[in-house]
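What you see below is based on every heavy atom in this structure, not just the backbone, and it leaves out hydrogens, waters and symmetry mates. Order of the sequence lines fixes the chain letters, A, B, ..., with proteins taken first and strands second; residue numbering starts at 1 for each chain.
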Amino acid sequence: MSTADTLLDVRGLRVDIPTPNGMLHAVRGIDFDLKRGETLCLVGESGCGKSLTAMALMGLLPRKALRTADRLEFQGNDILSLPEKAFNRLRGNRMAMIFQEPMTSLNPALTIGQQLVDVHRQHRNVSTKEARERALFLFEKIGVSAPVERLKQYPHELSGGLRQRMMIAMALMCGPQLLLADEPTTALDVTIQAELLRVLRNLQEEFGMGMILITHDLGVVSRMADKVAVMYAGEIVERGDVYQVFNRPSHPYTRGLLECLPIPGRHKHMAHLPSIPGVVPSLIGDLTGCAFRERCQYAEDRCGEADIDWRQLPDGQGYQCILPASSDGVASEVSR
Amino acid sequence: MTQSDAPIFEVNAVSQEYQLGSSLFRRRYLRAVDDVSLQLRRGEVLGLVGESGCGKTTLAKIMMGLIQPTAGEVRLNGKRLADVPRLEVASRIQYVFQDPYSALNPRHSVGRIIEQPLRIHGVGAAADRAQKARKLLDVVGLPQRLIDSPPSQLSGGQRQRVVIARALALRPDILVCDEPTSALDVSVQSQILNLLLDLRSEFGLSYIFVSHNLAVVEHMATSVAVMYLGRIVEHAATADIFGNPQHPYTRALLHSVLAPDPGAGIPDLGLGRTVPNPAQLPTGCRFHPRCPVAVPVCSTKEPARGRGERWAECHLVEGSASAAA
Ligand SMILES: Nc1ncnc2c1ncn2[C@@H]1O[C@H](COP(=O)(O)OP(=O)(O)OP(=O)(O)O)[C@@H](O)[C@H]1O
Ligand SMILES: Nc1ncnc2c1ncn2[C@@H]1O[C@H](COP(=O)(O)OP(=O)(O)OP(=O)(O)O)[C@@H](O)[C@H]1O
Ligand code: SF4
Ligand code: SF4
Ligand SMILES: [Mg+2]
Ligand SMILES: [Mg+2]
């Protein structure tokens, strides 16, 4: 349901990529929405389509990739049909992205300072001096040591962690309303991660910035998310608010993910950890039935025969599986 | 698994300085590793944790002989690493890279990648090497059908298994694993961790396990070294580090572990905004600009350097060499 607060409204988003072996259906019809100031976390196995989902929103898909959707609205405006030029005015400005691989958005030939100034001046009528001041202000917020010196350095002269922080600064230069953060803290150690996540949270509160946070780290998800969407093989298989998904996971994949985490006290030192056997199916060609069935301990014949219906629970949680919603009893066993 | 007493691997007073652009007037150095000594015993898993840029990868590379330290030495079974022939080094200690995506040559088949160390060192005839590669696939739990596939057809977890298989080809005693699962999914992470645990009990392997994931280190390690700006500021058995941490930095690290707990928020670690700059080490205790419990002496006097089995380099830690002094 679209309201004045709705930042992003996505229905039936698909991303298809032609490959020599056939069409790869990387994102297979997903729905979600995001309100101002809200954080949606996308989680799921590597290759399930999280980055492509974010890139589709940013209009930055790989060249051959085809984006289609029933609806794709940013602040009530249809961005599917937006001309390239108009979209360029949004990108890096009102919506910005922190990329998973820092080097993809840093230019190795330019200093950090030049890049930060350029991105700001592209969208704002500011002087080089003002842009530099903005960069230093952000450096202070996200904790960059020797800030003035950093501006003169090239990306390759920085540690992985610092590069990541430079990308965060770059994305925040224009004060975006929507931030797509693709694994923004994965390369960082935990104290800096905690500090950066707090910074992102504060900036969000300060500016009402909506955020789509992509991360493998379920600990981070549990603490940052208002809403969670669990993706598997290009689909959203479970969705709900953070309490629902963590305390009452209903899709076997979500439950499996939560069980895999090493948690002291739950797992004996150096004992085998639970894992989800098998690998994700190929995304080339059509997938009938539940994409998780090869790895699912509850799979039945009917899981492979027809597409699985989405089950919407009255409280907003939903999932795509034939099993009944898990009771709170099962849930507490999983989350503790 | 028994741990015999003689260390199979020692790092003695190792330092590494990188030169940062020199000007006419002065040269600037960055001391990435500062007088570090560590020992590894057979069967031990030494967890190495710490801040981004604190020198973990540099230390791991020194251990591998990939970087010549500017001071100190590495010893393998009592012999200076620099004096040990390359084949012998390679057959004792191997490196598992952080990133399974860039660690594999995209033009080579899985089989060729796995037998590469054997080929480089001229071990065995071609047929033996192929046979060995097939065995290694079994050891790391990869299906035989993948032997002719290029890495591009493999999942991340499968690629990390290939990296591990390649590292095992020369039957090393020690694996240096630099963030071995940080590029992997949790469902796959546990498969790789289980594999490493199995290899340890099957072949008596020892690990240096570099990770920023403390939950993983707690599960995997027998002892833990906490690194801060180039030094090991605390070292202890795993149960002591996690059950009774001594150094304020270790405590902050433990506090920063984000176990799943919806709504719990992100804790404030009390470390403030000052971020460590390895190019400009603080005076006194290198942690003092961020330390929530610092006292005046901390900014002028460096805590005594730790040695032995358990230490914490902090003026406030009772029984630490500096408190006794
Ligand atoms: N340029 C491309 N050409 C062909 N296939 C691609 C391309 N980019 C992505 N894919 C495929 O699309 C699928 C989804 O990729 P995506 O990068 O969105 O995954 P992800 O969920 O972000 O994974 P990760 O957690 O590893 O970052 C994957 O199977 C991937 O191999
Ligand atoms: N070749 C180099 N020249 C100059 N400085 C370097 C070089 N390699 C590393 N450094 C610096 O040395 C310090 C330690 O780097 P190192 O890569 O060992 O850290 P790390 O603990 O592995 O960090 P991360 O967790 O970010 O991977 C950093 O400040 C880094 O910028
Ligand atoms: S639909 Fe069937 S196979 Fe899929 S998750 Fe549910 S029970 Fe498992
Ligand atoms: S010596 Fe002082 S500054 Fe350093 S860790 Fe101990 S209390 Fe903190
Ligand atoms: Mg991705
Ligand atoms: Mg490193």
Salt bridge (Lys or Arg N to Asp or Glu O under 4.0 Å): pairs with one or both residues in residues 213-226 of chain A, sequence neighbours excluded: none
Derivation of the side-chain contact (heavy atoms from CB on, under 4.5 Å) call for Arg198(A) and Asp268(B): CA-CA 8 Å; Arg198(A) 286 168 62 84; Asp268(B) 184 351; 3.5 Å; yes
Chi angles and distances behind the side-chain contact (heavy atoms from CB on, under 4.5 Å) call for Glu45(A), Ser187(B): CA-CA 8 Å; Glu45(A) 204 95 358; Ser187(B) 72; 3.0 Å; yes
Contact origin within Leu257(A) toward chain B - heavy atom pairs under 4.5 Å: both
Largest heavy-atom contact set with chain A, pairs under 4.5 Å, which of Ala279(B), Ala221(B), Gly157(B), Ala252(B): Ala221(B)
Heavy-atom proximity to chain A below 4.5 Å, by part of Gln158(B): side chain
Per-residue contacts, residues 269-278 of chain A versus chain B, heavy atoms under 4.5 Å: His269(A), Met270(A), Ala271(A), His272(A), Leu273(A), Pro274(A), Ser275(A), Ile276(A), Pro277(A), Gly278(A)
Side-chain heavy atoms of Leu261(A) within contact of Gln189(B), under 4.5 Å: no
Most chain A-contacting option - heavy-atom pairs closer than 4.5 Å, from Gly265(B), Ser256(B), Pro262(B): Pro262(B)
Region of Glu157(A) in contact with chain B, defined by heavy-atom distances below 4.5 Å: neither
For the student: nearest non-hydrogen atoms of Ala194(A) and Leu269(B), plus distance: CB-CD1, 4.0 Å
Reported NE2-to-CD distance for the pair His212(B) and Gln193(A), which is rounded to 0.5 angstrom: 6.5 Å
Leu214(B) versus chain A, the contacting section by heavy-atom distance below 4.5 Å: side chain
Option that, when pairs with chain B are counted at under 4.5 Å, heavy atom only, ranks first among Ser282(A), Pro262(A), Ala225(A), Gly47(A): Pro262(A)
Candidate pair Ile266(B) and Glu195(A), rule side-chain contact (heavy atoms from CB on, under 4.5 Å), full reasoning: CA-CA 8 Å; Ile266(B) 309 286; Glu195(A) 193 54 38; over 6 Å; no
Full working for side-chain contact (heavy atoms from CB on, under 4.5 Å) between Phe246(A) and Asp261(B): CA-CA 8 Å; Phe246(A) 276 82; Asp261(B) 191 357; over 6 Å; no
Per-residue contact mode, Pro267(B) against chain A (heavy atom under 4.5 angstrom): both
Most chain B-contacting option - heavy-atom pairs closer than 4.5 Å, from Gly219(A), Ser222(A), Cys260(A): Ser222(A)
Proximity breakdown for Arg295(A) and chain B, heavy-atom pairs closer than 4.5 Å: side chain
